[in-house]
Amino acid sequence: DTVLRASHSAQTFPGWGNTDVNGMTFAWGSCFDAYTSAVFGLISARNPGFIAELGDWGYQYISGGANGNVSPTDVATVRTHREAVLTAAAPQALFTKFPTSYTYSDCDGGGSNADSTVGGLATGAVQAAYRQQFAHPTLTLANTGFRYWRIGRVLFIHTDETTAASARGAADNSSKTKLGAEQKTAFKDLITTASQQGWAVVWFGDGPWAVPASVGTHNDWSAYNTERTELGNHIQSSGVKLVRLHGDTHALFADNGTNNPWGGFPYASAAPLHTTANPYNRPVSNGSWPTAQTNSSRQYGIGEFTDVNGDLTLTIRGYSSTNALPTEVERFNMVMNLAEGSASDQPWANLYIGDMQASKMYLGDTQVWP
């Protein structure tokens with residue numbers, strides 16, 4: 001297997017079925033607009049086993065940027081627009097040093113809050129240029145950048161949440177999708193397999209998961225609530241231990257699942273690698289940063305596994321600094337027990353009615369736990 005790399009380089013990605021995840025670290029994050037940022041060196045100094053770069057690799061098409069907010073519809077122009085960031089020394093030094101799984105997001109595909117109906121995403125130019133300019137592991141689906149790999153008892157899934165996304169302003173019903181039918185089926189099948197095999201799941205995605213349903217403004221999961229509910233129910237009913245790690249939201253935050261009504265699993269955000277950061281302004285269990293808009297923020301996440309004597313834990317930490325205040329500060333630290341059969345972090349994991357412990361929980365006719 002090889003990893004998604006900048007042009008003219010390749011690294012070996014941690015292989016499928018490697019038996020030992022104990023002590024492995026990884027970094028994750030997204031969104032950078034400064035090619036000379038110190039953040040690349042800061043991540044490198046932590047020596048991650050791999051990096052999950054979750055999009056907005058240089059803001060190719062953000063409003064006011066060098067290329068405007070309109071994605072070109074031909075492959076050659078998309079490729080040309082990428083060259084500035086692909087040849088920049090600081091990101092090259094990081095992303096050619098460590099195996100990196102990268103899938104484009106809106107602002108390096110079609111513009112702010114783009115979906116599959118926009119510009120080069122609609123014509124396939126963005127998808128084609130991506131496959132030409134970035135080496136990558138075998139992509140199992142023809143129409144998306146979806147991929148997965150396993151190390152020991154941990155299955156990593158990296159979804160492409162842009163290529164197949166229905167128009168964000170479309171009515172939210174069963175025909176509206178963010179993953180697309182093919183990718184959604186593959187994702188659900190992997191969740192089922194992980195549950196059957198006793199694997200934990202780390203799900204790398206694009207944008208925020210646990211935000212109120214809202215159609216029309218943003219291209220995150222808030223506009224795709226029907227599908228989000230379907231996936232959340234599938235994850236929860238499978239019983240698999242899963243954490244979702246994403247970027248796109250320009251903030252650091254972590255939640256143990258208490259504030260996730262769509263599946264009950266923990267989630268965390270690590271962004272931006274370098275640009276303006278904003279308050280998340282939603283309840284989370286394990287910390288959120290910043291508390292006010294902050295310029296030149298350098299923010300990313302680090303995960304570390306421990307797998308000893310049957311105990312499988314993942315500790316995730318979020319770090320921030322700025323150009324003006326370059327000393328890093330740890331903004332969240334959350335430890336999760338991912339071993340099969342371990343107790344849930346949910347406050348209703350042990351539910352009693354009188355002296356009797358309940359085995360299931362329903363909302364209406366829908367079983368929501370376990």
Side-chain angles (χ1 to χ4, degrees), residues 1-6 10-32 39-55 57 91 93-103 105 134-137 145-159 190 194 199-206 241-248 252-254 265-273 286 298-308 312-320 328 330-338:
D1 291 335
T2 54
V3 66
L4 292 171
R5 307 301 299 165
Q11 291 284 343
T12 300
F13 204 67
W16 174 268
N18 283 358
T19 57
D20 192 6
V21 76
N22 184 46
M24 168 167 272
T25 64
F26 63 87
W28 91 94
S30 74
C31 313
F32 64 90
V39 74
F40 305 109
L42 293 171
I43 296 171
S44 181
R46 296 190 180 275
N47 199 35
F50 68 87
I51 301 171
E53 209 290 349
L54 305 178
W57 186 297
L94 176 67
F95 295 123
T96 58
K97 183 177 180 180
F98 301 101
T100 304
S101 181
Y102 158 67
T103 291
S105 183
F134 293 86
H136 48 71
F146 171 80
R147 72 190 66 89
Y148 57 93
W149 63 97
R150 180 172 65 86
I151 304 173
R153 293 194 286 165
V154 182
L155 178 65
F156 299 88
I157 305 175
H158 190 160
T159 46
L190 284 176
W199 300 335
V201 174
V202 175
W203 176 15
F204 294 117
D206 184 6
K241 288 299 185 75
L242 177 148
V243 56
R244 176 177 166 91
L245 304 178
H246 66 85
D248 198 52
L252 294 169
F253 56 84
F265 49 82
Y267 55 89
S269 170
L273 294 175
N286 284 66
R298 308 186 303 219
Q299 304 188 164
Y300 62 93
I302 293 288
E304 181 176 5
F305 289 100
T306 302
D307 189 358
V308 178
L312 175 63
T313 62
L314 171 61
T315 301
I316 57 173
R317 298 178 174 89
Y319 294 97
S320 78
E328 289 189 305
E330 182 182 284
R331 298 301 182 179
F332 66 72
N333 184 321
M334 185 166 72
V335 181
M336 292 162 284
N337 187 346
L338 298 180

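What you see below is based on every heavy atom in this structure, not just the backbone, and it leaves out hydrogens, waters and symmetry mates.
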Out of curiosity, I151 CD1 to F50 CZ, how far, rounded to the nearest 0.5 Å? 5.5 Å
Quick one, I51 and Y300 - any side-chain contact, counting heavy atoms below 4.5 Å? no
D307 backbone acceptor or donor facing N22 side chain under 3.5 Å: yes
Could you tell me which non-hydrogen atom of I316 sits nearest to which non-hydrogen atom of G303, and how far apart they are? CG2-CA, 4.2 Å
Looking only at heavy atoms, what is the nearest atom pair of F332 and N286, with distance? CB-O, 3.1 Å
Intermediate values then yes/no, side-chain contact (heavy atoms from CB on, under 4.5 Å), F305 and V154: CA-CA 10 Å; F305 289 100; V154 182; 3.8 Å; yes
Give a yes or no on whether the backbone of A271 and the side-chain of Q299 come within a donor-acceptor separation of less than 3.5 Å. yes
So do E328 and R46 actually touch side chain to side chain, heavy atoms under 4.5 Å? yes
Centroid-centroid distance, F204 to W28, less than 6.0 Å: no
State, yes or no, whether a side-chain contact exists between N47 and T25 at a heavy-atom distance under 4.5 Å. no
Atom CZ of R317 and atom CG of L252: how far apart are they, to the nearest 0.5 Å? 14.0 Å
Closest heavy-atom pair, L155 versus L190, reported as atoms and distance to 0.1 Å, is CD2-O, 3.9 Å
Any side-chain donor-acceptor pair under 3.5 Å between S101 and R147? yes
Can you check whether W149 reaches H158 side chain to side chain, under 4.5 Å on heavy atoms? yes
Between T159 (side chain only) and G205 (backbone N and O only), is there a donor and an acceptor less than 3.5 Å apart? no
Quick one: does V201's side chain get under 4.5 Å of F265's, heavy atoms only? no
Nearest 0.5 Å, what's the NZ-CG distance between K241 and L314? 12.0 Å
Heavy-atom side-chain contact between V21 and L312 under 4.5 Å: yes
Nearest 0.5 angstrom please: W203 CH2 to L245 CG, how far? 11.0 Å
Non-hydrogen side-chain atoms of E53 and L273 separated by less than 4.5 Å: yes
Please name the pair of heavy atoms, one in T103 and one in G145, separated by the smallest distance, quoted to 0.1 Å. OG1-O, 3.7 Å
Heavy-atom side-chain proximity of Y148 to F156 below 4.5 angstrom: no
Shortest non-hydrogen contact from L54 to G247? CD1-N, 3.6 Å
Closest approach of Y267 to M334 (non-hydrogen atoms, all atoms of both residues): O-CE, 4.2 Å
